[in-house]
Participant: 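Below is a structure I'd like to ask you about.
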Amino acid sequence: MKLYNTLTRKVEEFTPQNTERVKMYTCGPTVYSFAHIGNFTAYIYWDLLVRTIRLNGWKEDRVLNITDVGHLASDADDGEDKMEKGARREGKTVWQIAEMYMNDYLANFRALNLIEPTQICRATDFIEEDIALVDALDKKGFVYETSDGLYYDTSKFASYADFAHLDLENLKAGARVEFNNEKHNASDFALWKWVREGEDHAMQWEYRGRAGYPGWHIECAAIIHEKLGETIDIHTGGIDHIPVHHTNEIAELEGAYDKQMSRFWVHNNFITIDGEKISKSLGNVYMFSDLIAKGFSHLDYKMWVLQGHFQSERNFSFSDLAAARQRLTNYRNFAALRWQKPATDMSEVRAEILEQLNNNLNSAGALAELDKAIKNNVPSNEFVEFLDEAFGLKLAESTPDISDELKAKIAERKQAKTERDFAKSDALRDEIAKAGIKLLDGANEMLWQYE
């Protein structure tokens, strides 16, 4: 299995430290608003990663976090906490906001048939671990205090710029972080923020005799250390996380414990919509409810995502989504053949699909192999189950065998056509269609498909 590793900027062979516990971490959502379809692109690709790990005979221990405090309006250390902003917008408490949007996120996660993480961790459940990590960094001399919080001194971490290939010499204050006269360096970042006088912050905890709350980056680092320990196998996230969030996580954990944080870093690119960046101001933010209103399903969208590569920028359009839906329909009708004709040996196809997935999660290549195979083969139940293990498209579940009654009607229609009783044949075809079954009349056979 090979993966592009952001750490080395090249595709490398991946083997886990322990095949029974492939330690993985995924940056999850900040639950201050509904997640749009673009947000879920990453989770579809990371689901493919988990499935490929399993197909190689390994077992994953995967943690996904839910950010429900501390993520400010940008990657900077100033501005309003996104949770506070969402609560004010909705007229609810921050706790209600977190619960509502987390439940919506998880509902869509499950509708996409994504494998559940081993552990889902809410940031607010790890405040003590956040504090312990800040204390560990303080003992190593990385922490200094300003009027608004405790900051990480990036000049003390010699390899700070390495991961993102940052040019710290020319980094101006304000280019990556809001300007703050009290910072020692422009790249320094908040580990813990104080609740200042006159500030109404609903989520706050006492630390060093003062009320405050954790910085965004410390949350992920603390959860990783607590749940997965030192040196995990794979850390996933979006490419926007590379220069700030993930760079800061590395500085925190490697600074505190002198151990490599993660052996592989795997980052996904983003989707655009009609050639434009997803933006509320452009009116091109689509939720799954918008897709459903247009007659599409979660799995149609998953099919569209899997047709591309996680490192490529993709442009979404409804015409392309319709093509993906048709492709998924073709796969379902291929799966339905297993009830109608003797299966062929597809072991070579299975090996070719896995080879493509092992080649840096080349799902497009894997699906191309499947497209070639469905033209001249009939799957077994085992092969359809393999496809579901690989892609999670519910082909087996959505293509059950039809009833004996329907089969009898199909046989009766075939006889009617043989006898050239076209009125009876058409009537039976229409009756069968009411059950969601479409008949294909070949030269020597009559096959049924799901509509």
Side-chain angles (χ1 to χ4, degrees), residues 1 3-10 12-28 46 49-50 53 56 58-67 70 117-143 150-164 189-192 207 214-237 241-267:
M1 180 178 175
L3 292 170
Y4 181 83
N5 188 356
T6 303
L7 187 65
T8 60
R9 299 298 198 275
K10 61 184 180 181
E12 298 181 318
E13 183 175 350
F14 172 79
T15 54
Q17 300 168 96
N18 179 348
T19 59
E20 292 297 309
R21 191 191 181 208
V22 182
K23 298 193 289 185
M24 301 176 61
Y25 184 81
T26 295
C27 283
W46 307 147
L49 173 58
V50 170
I53 283 171
N56 280 281
W58 307 324
K59 297 179 182 178
E60 84 285 355
D61 183 2
R62 182 187 177 205
V63 174
L64 179 141
N65 81 303
I66 301 290
T67 299
T118 315
Q119 304 175 77
I120 297 176
C121 300
R122 293 179 65 160
T124 48
D125 291 332
F126 291 83
I127 302 301
E128 290 183 6
E129 288 78 7
D130 294 340
I131 290 172
L133 180 50
V134 177
D135 285 341
L137 287 167
D138 197 16
K139 290 178 182 177
K140 290 289 193 73
F142 289 106
V143 181
L150 301 172
Y151 281 77
Y152 188 108
D153 188 337
T154 56
S155 67
K156 302 288 182 66
F157 187 66
S159 59
Y160 181 78
D162 293 355
F163 180 67
F189 58 93
L191 299 166
W192 188 270
Y207 178 37
W216 175 35
H217 318 296
I218 199 76
E219 296 170 358
C220 286
I223 291 171
I224 290 169
H225 186 71
E226 175 66 20
K227 291 297 183 180
L228 295 173
E230 295 170 351
T231 310
I232 67 173
D233 290 293
I234 303 174
H235 194 310
T236 64
H241 288 153
I242 296 171
V244 182
H245 185 46
H246 289 168
T247 289
N248 292 347
E249 283 184 34
I250 291 170
E252 289 167 336
L253 284 181
E254 296 189 4
Y257 303 113
D258 298 315
K259 298 284 187 179
Q260 182 180 16
M261 180 184 169
S262 182
R263 298 169 59 241
F264 276 73
W265 290 81
V266 187
H267 291 92

Participant: Just checking, is any N or O donor in the side chain of D153 or Y160 under 3.5 Å from an acceptor N or O on the other one?
Facilitator: no
Participant: For K259, I'd like to know if atom NZ has over 12 heavy atoms of other residues, nucleotides or ligands within 6.0 Å.
Facilitator: no
Participant: Name the one of F189, Y257, Y152 that satisfies ring-ring contact (aromatic ring centres under 6.0 Å, His included) with F142?
Facilitator: Y152
Participant: Does the side chain of T26 come under 3.5 Å of the side chain of R62 through a donor N or O and an acceptor N or O?
Facilitator: yes
Participant: Would you please indicate if the ring centroids of F264 and F14 are separated by under 6.0 Å?
Facilitator: yes
Participant: Do side-chain atoms of D61 reach the backbone of K23 as a donor and acceptor pair under 3.5 angstrom?
Facilitator: no
Participant: Quick one: does any side-chain atom of R21 pair with a main-chain N or O of N18 as donor and acceptor, under 3.5 Å?
Facilitator: no
Participant: Quickly, which of R263, K10, E12, E13 forms a side-chain hydrogen bond (donor to acceptor under 3.5 Å, both in side chains) with N5? Name it, please.
Facilitator: E12
Participant: Can you confirm whether the side chains of H217 and H246 place a donor and an acceptor under 3.5 Å from each other?
Facilitator: no
Participant: Which distance, rounded to the nearest 0.5 Å, do you find between the CD of E254 and the CE of M261?
Facilitator: 8.0 Å
Participant: Side chain of T231, backbone of Q260: donor and acceptor closer than 3.5 Å?
Facilitator: yes
Participant: Testing the 3.5 Å rule here: is there a donor-acceptor pair between the side chains of D233 and Q17?
Facilitator: yes
Participant: Do the two ring centres, one from W265 and one from F163, sit under 6.0 Å apart?
Facilitator: yes
Participant: Whether the H235 and E249 side chains hold a donor-acceptor pair (N or O, under 3.5 Å, no angle test) is what I'd like checked.
Facilitator: yes
